[in-house]
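Below: one structure, written as structure tokens.
Values reported hereafter were calculated over all heavy atoms of this structure, with side chains retained and with hydrogens, waters and symmetry mates removed. When a ligand or atom number is given, it counts from 1 through the structure's own listing order.
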Amino acid sequence: MTLSKRLLSLSLAALIAASAAPPVLAQPAVSAPPAKGGPTAMVAAAEPDAVDAGLKVLKAGGSAVDAAVAVQAVLGLEEPQSSGLGGGAFMTFYDAKTRKVTAYNGRETAPAGATAELFYGPDGKPMPKGQAIVGGRSAGVPGAIAMLHLAQSQHGKLAWKDLFGDAEHLAADGFHVPARMAAAAASRAPQASQPDAVAYFTKPDGTKIQAGEVMKNPAYAATLRRLAAEGPKAILEGPIAEQIIAKLHEGPYPSAMTLKDLASYRPKATPAVCRPFLAYTVCTPPAPSGGPAVLEGLGILARTDIAKHRNDVQGWYLFSQASRLMYADRDRYYGDPDFVSVPMEGLLAPDYLDARARLINPDKAGPPPGPGKPAGASVRAPDRTQEPGGTTHLVIVDKDGDAVSMTTTVESIFGDGKMVGGFFLNNQLTDFSFTGKDPDGAPAANAPAGGKRPRSSMAPAIVLDRQGRFVAGAGSPGGPSIIAFNLKVLVGLLAWKLPVQEAINLPNLIGFDTLYASEPARYPPGVVAGLAAKGVTVRGGGFGEGSGEQGIEMTPNGLRGGADPRREGVAKGY
Ligand code: GLU
């Protein structure tokens, strides 16, 4: 994380600390659930205009996946610091008819010419992150749009070409600049001072755009028109692809990406990974997503009595310890399973989870746990991956009950700060480990390689009941903290039985090695002191990025949504 990014997140944390009284917890039935005949379709996303665009598609008879395309198109315009046409995504999709859950992988991919030394400088040493994130070689082949196109061709009801109208209109005729976008543009993040970003965010009078001002992006409108007409080819082939390659070859750390790399991008669709948690089944994409790590955290917690400790000292203590165990394994073993063997079955095996859960001392936290030795694990180097933030989460349920939970990203804020066709290019390859080997020569699971997809923390979740019916969808951005953010929402919702909004409002807590990063002001009275007495001293501002958790749950009276008050999201249904 860059210093300016840290400052941005610290000021956000200060804002939260200043404004947030500890959340008042209600029983699920108390927090004004929708009346009978409540919503049957809903969109939760990080910007209100994006949510409205999604709702319009749903009302026109579109499916959840159709709406996701429209939402992504608006987010790329109004939240360009987080996601867009130049980025990647993971999507978990629930098909109400078949009760099957599918994982779509639209992760950015390293060009064929990338090597394990991708981020080594001329001195033969890993380069400083600040240099790497704005260099052309940080960009992977973008996959979010190709992924959405694949999913839409399988589960869409409207024509692809009809899904971009709202975004195009906002780009051509003007939109109100959201406060977070203006703050990111004015931040000291290195991407915000790249020439393309400066040109985009500077008004004719030489000052930067401000929140609430009307801004246009005619280049983006033109790109959307092409995308509507041609599909993903509009950006992966032809003139825009040529501009992407030219842009990424500029500057001191040029990319090896070729037109062939762009044209040969393929999204993937596989069955989701689903595991039991209490009375539920939780599904996420497989690695290189962070989903299975969340499932490991849940599996460990299912072996404790956390359900009996709603938002109290012991509940948060158990959470903090499961978080440390989960991250220790995740950091050692996760990478792209098409290139390295990820011992996922071993990590999620009941006897392995039993052994991990037994490492939690019920009374007092011990030294940080190391990674375990799950069945199928190879020797792996300690991980050296650093992940800054710049990502967003959306959840959509349509009237047929199909559901989308999607985390979408350009990696750091504004990706690498380079623009083509009105959108930013990602710097996702900085999610690879900068050093491919440890001093003993053991290979890192997440070392860069040509055609490989970098490890992700993103973990869009869908929860089902034991009959395979939709219970909830949820997820968050937040760099490496995503895994703990998602774990918290799922524990709040499923173990503590809170309405999804209250689960989102709960304090975030990341137990990682010796660190317990959290939001001390958000705990009920006495919890912070109680945790300290058990050896868990929570500190504010220690995670790179505030969460942006969004969720939708099914209740007996219809759908109920939640959006993270730490960002600008809303959940709306009808
Ligand atoms: N690049 C990160 C990942 O894929 C996400 C960054 C973020 O959430 O801001 O895991």
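- The side chain of Ile482, and not its backbone, has at least one atom closer than 4.0 Å to an atom of ligand 1 (non-hydrogen atoms only; side chain from C-beta on).
- Interface atoms of ligand 1 facing Pro477, defined by a heavy-atom separation under 4.0 Å, are 8 (O).
- Side chain to side chain, Arg330 and Ser457 meet the donor-acceptor criterion of an N or O pair below 3.5 Å.
- Test Leu429, Asp196, Leu248, Ile133 against Asp416 for side-chain contact (heavy atoms from CB on, under 4.5 Å) and you get one pass: Leu248.
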message: For a side-chain contact (heavy atoms from CB on, under 4.5 Å) check, start with the C-alpha distance between Gln72 and Met91, then their side-chain angles and the critical distance, and finish with the verdict.
response: CA-CA 12 Å; Gln72 175 68 83; Met91 182 173 110; over 6 Å; no
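- For Glu519 and Arg566, the salt-bridge test passes: some basic side-chain N is under 4.0 Å from an acidic carboxylate O.
- Considering Glu108, Arg455, Met458, Glu411 only, the shortest heavy-atom separation from atom 1 (N) of ligand 1 involves Glu411.
- For Gln428 and Arg107, the side-chain atoms include at least one donor-acceptor pair closer than 3.5 Å.
- Here Gln428 has side-chain heavy atoms under 4.0 Å from ligand 1, and that is the only part of it that gets that close.
- Listed by number with element, the atoms of ligand 1 under 4.0 angstrom from any heavy atom of Gly478 are 7 (C), 8 (O), 9 (O).
- Atom numbering of ligand 1 starts at 1 in the shown order; those under 4.0 Å from a heavy atom of Gly479 are 6 (C), 7 (C), 8 (O), 9 (O).
- By the criterion of a heavy-atom distance under 4.0 Å, the side chain of Asp431, and not its backbone, is placed next to ligand 1.
- Between Tyr220 and Tyr200, the distance separating the two ring centers is not shorter than 6.0 angstrom.
- At least one heavy atom of Arg107 sits closer than 4.0 Å to an atom of ligand 1.
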